[in-house]
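Heads up: the structure comes next, in C-alpha cells.
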2 protein chains.
Amino acid sequence: MFTTSDLAETASLVGEPARAAMLMALMDGRALTAGELARAAGVTPQTASGHLARMSAAGLLAVHCQGRHHYHRLASPAVARMLESIIEVSQGEPGRPRRAIVTGPRDAAMRAARTCYDHLAGQLGVRLADSLAARGHVELSPEGGAVTDAGIAFFRDFGLGLDAAPGSGKRVFCRPCVDWSERRLHVGGTIGAALAAHCFALGWIRRNERSRTITVTPAGERGFRDTFGA
Amino acid sequence: MFTTSDLAETASLVGEPARAAMLMALMDGRALTAGELARAAGVTPQTASGHLARMSAAGLLAVHCQGRHHYHRLASPAVARMLESIIEVSQGEPGRPRRAIVTGPRDAAMRAARTCYDHLAGQLGVRLADSLAARGHVELSPEGGAVTDAGIAFFRDFGLGLDAAPGSGKRVFCRPCVDWSERRLHVGGTIGAALAAHCFALGWIRRNERSRTITVTPAGERGFRDTFGA
DNA sequence: GACACGTTTCGGGTAGCACCGAAGTCAGCA
DNA sequence: TGCTGACTTCGGTGCTACCCGAAACGTGTC
C-alpha cells in the first residue's frame, strides 16, 4: 500500500530549488560527485551533503563510492520519468505563453542537442524522431509509441541488438518523451536508449564536459544524413 | 524554455501533505467542492482555499463555479500522469518491502475496484488488463501499450467508438498505468477511459459516494465474466 | 430583505527546515 | 606518519509558509 504522505514526501524532496537543480543536473543519466552537485545547485558542500543523503534514503538517488569521491545518479528510469512528467506540467498549456527568457549560447547548445537521461533530446532528438516517424519506422503519439516491423528491420541493420524477435508478435515499444525545449515528442524508452548508446559507440556524437549538451561529430553529420536523412 | 525553479515550484505544490491529499482525492477524475477537499485534507476551509487558489494558478487544477459551490478538478491528464509517476517512485523498489499498514475494510474496497483518473484500477482493473492481454487484445509493457488489430475489432463489437480506422495503420495506444495497490499494470490512456466510461454506461459498475471506490453490479459480474472472462 | 451557507481575504502565531560555520571522518599520497 | 582534499556531522540562525481565528464577500433560500 501507500499513503498520501508518501506522495507528499517524495514531491517535497523535488520541490526545493537546490534539490531540483541537483536532480536536473543528473537528468543526463551520468553520475556526478557531491561537490559537482553542490556547485550545480549553488550551495555549500555541507548543505548539498544533507540533501543528497535524504534523496538517497528516499530512493531517488543511487550512490557509488569510489575512493573519496561519492558518485550520485538517478536511482532508476522511473525517477527520470517522474521528473519529465513534472516538467511537462510545469510548462503549462502550450497555448499560454510563458515568460521569455534571454537565451545565451549555452542555452542554444542545450536546445540543439542534449541527452535526456538515457536518450537523445533537443533539436537533434526531435529531428531523428520526425525522420523515423516519416519513414514509418516508429509510430509516436502522446499516448504511446511503438517500433513498426519495418523499423525493427531498420534498427537491426543499423546495428542495434533488439531482444524481441520480429516474428514473436511482441511489440518493441518506444516511450514518447515530451521535449521541454522543442515542445515536441522524441524517442525515449529502451529503443531510444539503445539508439543513443549506438550513436555514441559509432563516434557520431560525444558528450561535452560539465554539461548535458552533446556535439555531433563530422562523422555524425554524415551518418545522420545518410542513415536517417536528418 | 523552462527553468529548474519551475520544476521545484510545481513539485513543492504537490509536496505538502494537505495539498497532496486534495490531489489524491481528485485522482478519480471527479470535480469536488472546496469544502469537500478541505475535509479530505483535514484542514479548515480557509486553509484549503489558499491551497486551491495556488494550485489553480499553477495550472494543476481547473475550477468550475456553480452557484456558491466551486468545483475543482485536475486540470489535465498530464497532471494525473504526473501524480501517478510520483506515486510510482514513492513506492520504492518492489524488492524492498515497505512498512506494513493495517488495512481496514475501506482499504479493501479500494484495492478491489476504484477509478484512476479516468480508467479502472485495483484488482478489477488488473484482472481486465490480464484478460485482455491473455486474449491478445492488447499488449502491455512498462514501456508502453497498444491495442492489437484483434483488440480493435473486439472493442468495436463491445460498443466502443474508436477514432482510428483499423486499416489506417495508425495504432491505438493504451497507456500502461502502474497500479499502486496491486503493483501490476492496468489499461489507461484513451482506450482505458473509453472502456471505463462504457462500463459505467452499461450499468456494470457504479461509483460509491464520497470515495474513489466503485461497485460491480450483478449485471457487471455477468458482463465481465461473459465478455472478458474475468 | 433577512438569514444561512460556502468561500475567500486578512493578520498574526508558530513550526519546520534550508543554510552555513566549525569540526570530525575517511581515502589517497608522499 | 603527517598532509591534503572530498565528504559528512553537528549546532545555531533566520526565513519561509502552513495554519487557524475573525471578518468580508456572494449566492441561494425563506
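Quantities reported herein were computed from a predicted structural model and do not represent experimental measurements. These numbers come from the heavy atoms of this one structure, side chains and all, not from hydrogens, waters or symmetry mates. Per chain, numbering begins at 1; letters A, B, ... match sequence-line order.
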Separation of atom [atom1] in [X] from atom [atom2] in [N], rounded to whole Å:
| X | N | atom1 | atom2 | value |
| --- | --- | --- | --- | --- |
| Met22(A) | dC7(D) | CE | P | 12 Å |
| Glu9(A) | dG16(C) | CD | C1' | 15 Å |
| Leu52(B) | dC18(D) | CG | P | 13 Å |
| Met55(A) | dC7(D) | CE | C1' | 15 Å |
| His69(B) | dG28(D) | NE2 | C1' | 9 Å |
| Gln46(A) | dC19(C) | CD | P | 11 Å |
| Tyr71(B) | dT7(C) | OH | C1' | 13 Å |
| Leu32(A) | dA6(D) | CG | P | 15 Å |

From [options], pick the nucleotide closest to the side chain of [X]?
| X | options | result |
| --- | --- | --- |
| Thr44(B) | dT9(D), dG21(D), dT8(C) | dG21(D) |
| Pro45(B) | dC18(D), dT8(C), dA18(C) | dT8(C) |
| Arg54(B) | dC19(C), dA17(D), dC20(D) | dA17(D) |
| His51(A) | dC7(D), dC19(C), dC20(D) | dC19(C) |

Quiz item: Between Phe158(A) and Trp204(A), how do the two ring planes meet: parallel, tilted or perpendicular, split at 30° and 60°?
Solution: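 Aromatic pair Phe158(A)/Trp204(A) classed tilted.
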
Residue-phosphate contact under 4.0 Å: [X] side-chain N/O, [N] OP1/OP2:
| X | N | value |
| --- | --- | --- |
| Ser49(A) | dT8(D) | yes |
| Arg19(A) | dA18(C) | yes |
| Thr47(A) | dC20(C) | yes |
| His70(B) | dT8(C) | yes |

Quiz item: Picking from Glu84(B), His119(B), His186(B), what satisfies side-chain hydrogen bond (donor to acceptor under 3.5 Å, both in side chains) with Arg175(B)?
Solution: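 Among the candidates, only Glu84(B) passes.
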
Quiz item: Does the side chain of Ser85(B) pick up a donor-acceptor pair with the side chain of Glu88(B) at under 3.5 Å?
Solution: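 Distance-only check fails for Ser85(B) and Glu88(B).
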
Quiz prompt | Donor-acceptor pair under 3.5 Å, Arg68(A) side chain vs dC26(C) base | solution =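 No such pair is found, so the answer is no.
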
Quiz prompt | Ser12(A) or Thr33(B), whichever maps to the more 5' nucleotide of DNA chain C | solution =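 Checking each residue's closest nucleotide, the 5'-ward one belongs to Thr33(B).
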
Quiz item: With nearest nucleotides of DNA chain C determined for Val43(A) and Glu36(B) from heavy-atom distances, which residue corresponds to the more 5′ nucleotide?
Solution: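 Its nearest nucleotide lies further toward 5', so the answer is Glu36(B).
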
Quiz prompt | Gap between atom CD1 of Ile86(B) and atom OG1 of Thr10(A) - 0.5 Å precision | solution =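 Reported value, rounded in 0.5 Å steps: 8.0 Å.
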
Quiz prompt | Arg114(A)/Asp179(A) ion pair, N-O < 4.0 Å | solution =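 Salt bridge present between Arg114(A) and Asp179(A).
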
